[in-house]
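These notes concern the structure reproduced below.
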Amino acid sequence: MSVAEVVVDVPTMQTNRPFEYLIPDALLDVVVPGVRVEVGFGRGKRKIQGFVMNVKDSSDFTGTLKPIIRVIDVKPVLSAEMIDLSYWLADETYAFQISCLQTMLPNVMRAKYKQFIQAAKGFENDPEVQSILNGHLLVEMTSDTTEERIKTIARLKRENKIEIEYVVENKANSLTRQAVNTQLSAEDITNKKADLRANAKAQIRLYDFLVEHCADLPIETSEIEKKFNITRPTLKTAEKNGIIEFVEITKRRKPVGIKPDVKNIPQLTEEQKSAVDTINQAIDEKQPQTFLIEGVTGSGKTEVYLQTIQKATEQNKTALMLVPEISLTPQMVNRVIGRFGNQVAVLHSGLSSGERYDEWTRIENGEVKVVVGARSAVFAPLRNIGIIIIDEEHEASYKQDDNPRYHARDVAKWRSQYHNCPLVLGSATPSLESRARAEKSVYHLIKMTKRINDHPLPHVQIVDMRDAENSAVKGDLSPLLQDNLWRALKRKEQAIVLLNRRGYSSFLMCRECGFVLKCPNCDVSLTYHKNIGRMKCHYCGHEENVPHTCPNCQSKKIGFYGTGTENIERQLNEQFPDARVLRMDVDTTRKKGAHAAIIEQFSDHQADILLGTQMIAKGLDFPDVTLVGVINADTTLSISDYRASERTFQLLTQVSGRAGRADKEGHVIIQTYNPDHYAIRDAAKQDYETFFKQEMYLRHQSGYTPYYFTTLISVSHQDEGQALKQSYWLKKQLSSVLSNQAILLGPSPTMISRKQNKYFYQIIVKYKREPQLHQKLLQILSDTQAESRNGFTIAIDNEPQHID
DNA sequence: AGCACGCCGACT
DNA sequence: GTCGGCGTGCTC
């Protein structure tokens, strides 16, 4: 007897374990761990997809095992490593195992379920059955089937007059095409050509073509027909004569916008060389050591990454490099592809799901040595990894903010252990937790303090916006910033203007009574959307008209507060009519490829000023930029999150690093209402170490990361009282296992407390060592899952990135 | 999640 | 009396 342990595609707590299925004899060889299968599940005829986790030859199950219906994959889609990893991931993130397995794979491999209705035997002519089927043999059940219809269908099914057919669909499909191949060598073909009759002109042309393109085969039949003017009968004849054969190839959908940019490998600085040597030694010695490169902007971290990747590939190993989505720009991608050519796969959000699947397949097939990608690329199915790199390791986007709430850094660490390879974390502004680990020698710290070619650091000035001179100015540009913009433009140099946050941009406020227009469902400020001329909620999409008087006090002094990119753009256009301003924000980059297009445009000096939000601060390198202006440095300081200072420091340091990278001196102007704040002062000096010490002191004082671990648990329910009651119950549960060392905060309502018409309350646990906490949380999850029917949801976020 | 079973009200 | 409402428990 052969039995498979299958994790089924039913994301609930009660089904969050393997179910055993009988492997039919016919499928004995194909049902192996890592393949997807179709199985029956439940009392009805429901069919679903599942993942085979294990195969064994006996079962303790007392009931009757159902057989596996069908195997979806010919070979496993999950390696032993990934199966292992999924157990750890599910435990670590409190997520369902099925969700973990699915996030490791391209989206198209997620099953799609369909239900079709058909008449039961003998009821084909029943009038009610006829009215449902409406003359068709099969009718699909869809989400827009009316309530009434569903009732009728349910009744007919109860009466056994109709049957429901379940269909599991696999969306993944490669484009397969017919192609021409040959088993013969160029020489053979040349010889055979002599046998042809002189008037077989088409055949001669084909033979010549084959000799010429011998190395490129197989080539798609349609391409040969179109481009080389060889017709199908000609190919058929050649096939009959045993010259060529027709094969099926899977065509790779080609991702757009990649131009290899081959550069000479630059000479390393002393610091770079020493970093490369240290890391390469760990590759040689197969040490699963974590390195933290703390390198000032412009110190050449990327070159260090590339050379260690080089080292790994020379040993016939593979390399995984993660970068924030936002810096997955052509600049960065071209640099890697320039060095490693078609051995590179790039996984970014701009890929269509088909393209993503193709890249995944290439990696899985071992056609690829180097993978570059954003967060989810950490699951790339590489074998024999020699090095893992995480650039800009402090970026919050490495943490996924829905289930499974994993941090790519933790997954990378797990894989580095599995493959016995080093993990390199790099940043100019490391996260406090990583830097603290380096302090305790958990990570090996590598400092890079010098900029390449001794480029000086930019000259930074802080502008106090509280000054009379500045507050007297109409608009948001201080005299100093205006003056510097003039000078940069006159010298034909480029400038970057950063607007700190978008949400702040255009909410409506009454200057008489302080009333802020909020969404009736979500408790968040509504934002003005110029294109529709209405107020809109960013959470639920609620829209309403712009009021002319304050709904609270009827004053006419209601108006827009704060500044959006569009507003700044207008001010720039007014004051610098000759300057070409390029705006980059969520609105202008919504379309696929728009982000890259704007960067390219600016790079080509088709614009003088690049205006944008955070996204312009990261990893871009524009040699002609000599001025960076920050309009409102404070807005990240005022967010209600203990990482506010850290975020502000990181952003300002990163953006300052954009100025004056080439041989021109850079200027940075930071406008703020908090000029004495250490995060702003230290960022101005690009002084990470001083900031680190100060921030560590404050974190210690107030008991936050990295001195404490934090876990955030949120409870939601339609009814506010119920949500609150449940969260107090939860708090009691937690305090029963926690020591007096732990700190329990809350329950407190979430800032966006009525998201989707539900009330959210959160509890925060801060702790140093609580051996029982993990187990208790798992238990709470399974206990409350039973109540999810009553509208309760509970979410656990280990080490949350935002607390709002 | 989705389905069956089973226990109570308002109808032929 | 029974049809069908939804609350409960189970799915290899």
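Just so it is clear: chains get the letters A, B, ... in the order the sequence lines come, proteins before strands, and each one is counted from 1.
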- Distance only, no hydrogens: is a donor on one side chain within 3.5 Å (strictly under) of an acceptor on the other, for S353(A) and N107(A)?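 Not at all, the side chains of S353(A) and N107(A) share no donor-acceptor pair under 3.5 Å.
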- Message: With no hydrogens and no angle check, just 3.5 Å: does a side-chain donor-acceptor pair link E128(A) and T152(A)?
- Response: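 No, because no side-chain N or O of E128(A) sits under 3.5 Å from a partner of the opposite role on T152(A).
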- For this output row, return yes or no: ring centroids of H774(A) and Y94(A) closer than 6.0 angstrom.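 H774(A) vs Y94(A): aromatic centres under 6.0 Å.
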- Message: Is the distance between the ring centroids of F41(A) and F19(A) under 6.0 Å?
- Response: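 For F19(A) and F41(A), the ring centres are under 6.0 Å apart.
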- Crowded around K413(A) NZ? As in, over 12 foreign heavy atoms under 6.0 Å?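 Counting other residues, nucleotides and ligands, NZ of K413(A) exceeds 12 neighbours.
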- Query: In terms of heavy-atom contacts, does CG of D25(A) have more than 12 from other residues, nucleotides or ligands at under 6.0 Å?
  - Reply: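 Result for CG/D25(A): open.
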- Query: What is the per-nucleotide protein-contact pattern of nucleotides 4-12 of chain C, from the 5' end, where B denotes a base atom under 4.0 Å from a protein heavy atom, S denotes such proximity for sugar-phosphate atoms only, and - denotes neither?
  - Reply: S---BBSBB
- Item | Salt-bridge contact R356(A)-E359(A) (side-chain N to carboxylate O under 4.0 Å) |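 Salt bridge absent between R356(A) and E359(A).
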- With a 4.0 angstrom cut-off to heavy atoms of chain A, pull out the first and last contacting nucleotide of DNA chain B, in 5'-to-3' order.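 Taking any atom under 4.0 Å from a heavy atom of chain A, the span is dA1(B) to dA4(B).
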